[in-house]
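Heads up: numbering here begins at 1 and tracks the sequence. These numbers come from a predicted model, not from an experiment.
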Amino acid sequence: MSDRPAVSDAAGDEGRAVAAPARQWWTVAVAVLAQTLVLLDNTVLNVAMETLADPVHGLGASAADLAWANASYSLVFAAGSFAGGALADRYGPRRTLVAGLVLLACASSLAAFSDGATELIVTRGFMGAGGALITPATLAIVTRGTAPADRTRAIAVWASAGGAAVALGPVVGGALLTRFWWGSVFLVNLPVVAVCLAGAALLVPELRYAERRVLDPLGLALSVLGLGLVVYGVIQGGRPSGWASPAALLPMALGLVLLAAFVVSQSRRAVPGFDVRLFTEARFAGGSVTLLLLFFGLAGQLFYCAFYLQGVHGLSTLAAGAVMSAAAGGIVLGNQVSPALSRLLTVRWCAVAGILLSSATFGGYLLFDAETPVAWIAGTLFAQGVGIGLVVAPMTAEMMAALPPRFTGAGAAINAAARPVGSTLGVAVLGSVLATTYRGAVRPALTDLPPGPRSRALDSAEATRAVARSLNRPELLAAADRAYLHAMYVTAAWTALLSLAGAVLVIGYFRPRPSTTEAGSGYGAAPSSNRAHRG
């Protein structure tokens, strides 16, 4: 019989249970490693985009294919997080974590041997389903499996997993692509899953509630279909047919209707997976939207930065990964200093400072060109990471502190979903803006090409370069770089403006409480026991 402690929560304790003090940090370590794996699976693909677009060494994927390969993971991850939170509350986060790890490993194996872009998109979706089980479970384990005095620090460590993923994803992906074929970026998941499964079996305690939540298949279907149609419409808007075409407008409209039906259905359930009532808490609502906008900008930026570094700047996959990993050091640093800075400035102004710094670095892309020193790019990415790190941990801690303990899984699901929803929309929206702007900028240089090559060259900068090489037209290579830089400038400007909207939200929603101060009862301070849940 295993000596792993089984902790079952009494109703009077509202489900709050912790692991033994001697092993709680081992529990946190397993949760952080699993969360790092989930986020790494999203970032590792960024550096592989150029290879996957290559018709010889990759899959010959189009810009839309690449957007869907990225979006399918985040889309299923986001929508499935609500079910993941319900499963964590119903069956316990440890069992949910194990199920997610097994699903992620199986899907990763299939993705590695995909024969085409469509198969890759589908298997990436199954990988996202595994992540949807893992992330709410890991946050629930960290929140419920640590003592109140250690909870803030544990959440900060968990949030730092994002920094580790940003660092490891591009570097690991670049190193693997230098030596092996593109499928290796997925097979690398298998040994990490094995370690996480062993850790879950030996180190993670059972954290169960006496009251089991009911699953909601209808809500899951509405959220997946709604988000999927919205993202599909946005991606179609970036294609030659344009944003005003029925192929773009109809899916977006139908998706919004389904999402509205999802919200209505959840509001009528006694125990919803997506608890609309949580948004009556201003800090929870403001934090959710702020995180969504933050990851919207980050994911979109990583998408176009990867093409800039490899396509325009001419870096190898390994070198591009090393440059992009600079953001990771910044995220880790920002996460670590955020508790002290929150005590000094309050959570409100610490987050505002982080968002303003991040927005400034998005605007910094307007200064980049083909000759920009790599050190300057890495420094900008590092500063961007610091800004993001100053926001994520305080927002996460404040959101989780607003929840009734027995609904930690539901809150963790919403918190977890804000990130992939933002990432999915960021890649879809900013990727479409990038593609539309690029197409308009490069079209004049392609007027003398035959119809077939001209149509192919309009698809993306990679396609333009491929056509230029096949027709021995070196001037088109320079035209592709100029057009891409112009498209990146436009996209980066929109990214900076949308990021600034997050600062406005924080200022509006994170006003000082009437009875106490943010610095005294919020992130970076001892947890308050009288935090009420409205609704």
May I ask you to test the Leu434-Trp494 pair for a side-chain heavy-atom distance under 4.5 Å? no

Give the minimum heavy-atom separation between Leu293 and Leu498, together with the two atoms involved. CD1-O, 4.0 Å

Interatomic distance, CG@Leu225 vs CG@Leu259, rounded to 0.5 Å, equals 9.5 Å

Rounded distance [0.5 Å steps], CD1 in Ile331 versus CD in Gln384: 8.0 Å

Is any side-chain heavy atom of Leu294 closer than 4.5 Å to a side-chain heavy atom of Val392? yes

Tell me the closest heavy-atom pair linking Leu97 and Ala34, and the distance in Å. CD1-CB, 3.8 Å

Find out whether Met252 and Leu229 are in side-chain contact, i.e. whether some heavy atom of one side chain is under 4.5 Å from a heavy atom of the other. no

Shortest non-hydrogen pair, Pro93 vs Ala137, comes out as O-CB, 3.3 Å

Could you list the donor-acceptor pairs under 3.5 angstrom formed by side chains in residues 99-109, with sequence neighbours left out?
unit_1, atom_1, unit_2, atom_2, d
Ser108, OG, Leu104, O, 2.7
Ser108, OG, Asn189, ND2, 2.8
Ser109, OG, Ala105, O, 3.1

Rounded to the nearest 0.5 Å, how far does OG1 of Thr96 lie from CD1 of Ile134? 10.5 Å

CD1 (Ile141) and CD (Gln35) are apart, to the nearest 0.5 Å, by 11.0 Å

Walk me through whether Val192 and Leu33 qualify under side-chain contact (heavy atoms from CB on, under 4.5 Å). CA-CA 8 Å; Val192 183; Leu33 180 61; 4.2 Å; yes

Less than 4.5 Å apart, any side-chain heavy atom of Phe113 and any of Glu119? no

Under a 3.5 Å distance rule, please check whether Ser265 uses its side chain to pair with a backbone N or O of Phe262 as donor and acceptor. yes

Could you tell me whether the side chain of Val429 reaches within less than 4.5 Å of the side chain of Phe296, counting heavy atoms only? yes

For residues Val391 and Ser358, determine if any side-chain heavy atom of one lies less than 4.5 Å from a side-chain heavy atom of the other. no

Hey, does Thr290 have a side-chain heavy atom less than 4.5 Å from the side chain of Ile355? yes

Atom CZ of Arg124 and atom CD1 of Ile121: how far apart are they, to the nearest 0.5 Å? 10.5 Å

Please evaluate residues Phe186 and Leu110 with respect to the criterion side-chain contact (heavy atoms from CB on, under 4.5 Å), reporting the C-alpha separation (whole Å), side-chain torsions for both, the decisive distance (0.1 Å), and the verdict. CA-CA 9 Å; Phe186 302 114; Leu110 294 174; over 6 Å; no

I need the minimum non-hydrogen distance between Val30 and Cys196, along with the two atoms involved. CG1-O, 4.0 Å

With the side chain counted from C-beta on, respond yes when Val323 and Leu315 share a heavy-atom pair under 4.5 Å apart, and no when they do not. yes

Donor-acceptor under 3.5 Å (Thr36 side chain, Val32 main chain): yes

Please give me the minimum heavy-atom distance between Ala31 and Thr138, naming the atom from each residue. O-CG2, 3.5 Å

